[in-house]
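Remarks on the structure that follows.
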Amino acid sequence: MIATGEPLPRVNRSMFAPRVIWVMWRRELVRYGRNRSQIFGGLSRTVLWLLILGFGLGASLRQIEGYSYAQYILPGVVTLNVLFASLQSAIALVWDRQVGLLREVQVSPAPMLSVALGKLLGGATIAVAQGSIPFLFIPIIGVPFSVTKLLLAWAVMFSMGVFLTAFGVVLASRMRTFEGFGSISNGVIQPLYFLSGSIFPIRGIIGGVGFLDIPEELRNELARLGVYAIGGGWVVQLPVWIRVLVFANPVSYQLDLLRFVLLDFRQLPMVVDLLVITILPVIAALVAAVAMAKRS
Amino acid sequence: MPIVCENLGRRFEDVAAVESVSFRVEQGEFFALLGPNGAGKTTTVHMLTTMLKPSHGEASIAGFDVRRQAHEVRSVIGMVFQEPALDDRLTARENLQIHAALYGIPGRRVKERIEQALEWGQLANEARRMVRTFSGGMKRRLELARALMHDPQFLFLDEPTIGLDPQGRRHLWESIAALRGRGLTVFMTTHYLPEAEACDRVGIIDAGKLVALGTPAELKTSTTGSTESTLEDVFIELTGHQLRDEEATPRDRLLNFARQGGEHTR
Ligand SMILES: Nc1ncnc2c1ncn2[C@@H]1O[C@H](COP(=O)(O)OP(=O)(O)OP(=O)(O)O)[C@@H](O)[C@H]1O
Ligand SMILES: [Mg+2]
């Protein structure tokens, strides 16, 4: 109407609109790039958890399965940053719906599946960026690192990011109002983080220098059960209820795979890890797309 | 084909936001829906624009059913919501780029369309500024230009001049009025009576029911018996003097929170 020139062609209706995915993805990244406080948050979280807690608690814990405590929690801190970044992207949807761009998107003929995909891929990309902040400290904590490891870690983190952003989107679509990220941080992020084997091992042996060495037979016995003792020390015995919660938490398996990639150390069955990392994001993405498209 | 709705209604749990409304808006017409706070104006517009599912009744736009042919309806309408629906961490141009992609404007036409929209909204010099630094009037101009960018046949405006100063209001209204005679059908809601005065036909809605429908002149004669009266007299006559107090909705609470500074998720 305000425009001159020939009329525009009709909008076609396919579920898959690469251009829509692209602009929605780019939007997430542009917003991230302009939000210095998020990058700062990731950095300060990393310093607190990886350096202060890692070396502080590490001083009394010595070793977990032969890894220093800072090394042990490295994948956990990566996960924590992924959790925060994904949920922040997702929860922004509550704003978006009430005072932001989401209504503009919903009233347009753009396919919601593509919009949701753009959002999820964007959230996951930011999660990978935020989750990579702890890698900057690898020289200090001393873990062998390589390009292959980095790429594999990014793949795991990306899948984790898609899943968690999708999970957050579903959560956000059920929230009518929003008055602070605190409830998400305390009610969602921290439980998922603490109950994923991120800061304490699910099983294995804690101790190391100063502890009595475990006899060879016992070590072999434990190895058959899947507990590999490298140093000597105490065998971890988690209360049953914590174990149940840890096993029920999908983040545990994603983190386990990440730890395997970064440290070559695993506490859960590889098959389950791989299933969780490949299947869950796809299911979660579909559920999220439906939640985003839903009209009240 | 015009806008048609037949016994259209919407309930939220136990409240009927819109009880039952029926009307037609003809091609090329400027139609204003007037009503006090909480009358059901936004609910009506949202049902027509496929944002809300009607609880009962039928509505169609250009012959497309708003329930079953949402995609077709969405392709022929442009919409400006009551509250800004912009990404305020993006620049004006970036917001328009997203719009172009959402409406499938072909790549080689995008640049020209964006320049035209910016020009039309008198924002050409602010294209690279983040929307959060815009005044209410600039945001409105941007949204209006955006809503027209894809050549809609129908334009829906939910209280487009709310919160604007008299200059902004006049400017915006003149921009809308300048669209007359191009075949565009405009459906707007408003509190502001001089705007409704300038429309072809007016519907007055109160408590979810359409209480009057006609040209401004018709409404004046039929309600107050005099052509000398204003639409304001008609409005008060029909909707009473009672103040409309409303509970804060979740959106109001969120908006208040946003005004107080919001949160880092923005
Ligand atoms: N999502 C919702 N859930 C519950 N009640 C709602 C919802 N949306 C609107 N209502 C109620 O429906 C009624 C009509 O609301 P609506 O927003 O359509 O009014 P309006 O005429 O646009 O008012 P205003 O001039 O304040 O914008 C109000 O009583 C409102 O509280
Ligand atoms: Mg309204």
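The sequence lines fix the lettering, A, B, ..., with proteins before strands; numbering per chain opens at 1.
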Give a yes or no on whether Arg129(B) atom CZ has more than 12 heavy-atom contacts from other residues, nucleotides or ligands under 6.0 Å away.
yes
So which bits of residues 91-100 of chain B come within less than 4.5 Å of chain A, counting non-hydrogen atoms only?
Thr91(B), Glu94(B), Asn95(B), Gln97(B), Ile98(B), His99(B), Ala100(B)
If we ignore hydrogens and angles and just use 3.5 Å, is the side chain of Arg31(A) paired with the main-chain N or O of Leu90(B) as donor and acceptor?
no
Rounded distance [0.5 Å steps], CG in Leu102(B) versus CZ in Arg19(A):
9.0 Å
Below 4.0 angstrom, N of the basic side chain to O of the carboxylate: do Arg103(A) and Glu83(B) qualify?
no
Decide yes or no on side-chain contact (heavy atoms from CB on, under 4.5 Å) for Glu104(A) and Glu143(B), but give the supporting numbers first.
CA-CA 10 Å; Glu104(A) 144 88 354; Glu143(B) 289 199 288; over 6 Å; no
Considering only heavy atoms from C-beta outward, does the side chain of Met130(B) approach that of Arg34(A) to under 4.5 Å?
yes
Using the test side-chain contact (heavy atoms from CB on, under 4.5 Å), find all partners of Gln190(A) that sit at least two apart in sequence or belong to another chain.
Ser185(A), Asn186(A), Phe194(A)
Pairs touching residues 153-168 of chain A that satisfy side-chain hydrogen bond (donor to acceptor under 3.5 Å, both in side chains), sequence neighbours left out
Ser132(A)-Trp154(A)
Identify all side-chain donor-acceptor contacts of residues 110-117 of chain A below 3.5 Å with residues at least two apart in sequence or on another chain.
| unit_1 | atom_1 | unit_2 | atom_2 | d |
| --- | --- | --- | --- | --- |
| Ser114(A) | OG | Met15(A) | O | 2.7 |
| Ser114(A) | OG | Ala17(A) | N | 2.9 |

Does the side chain of Ile77(B) come within less than 4.5 Å of Val107(A)'s, by heavy atoms?
yes
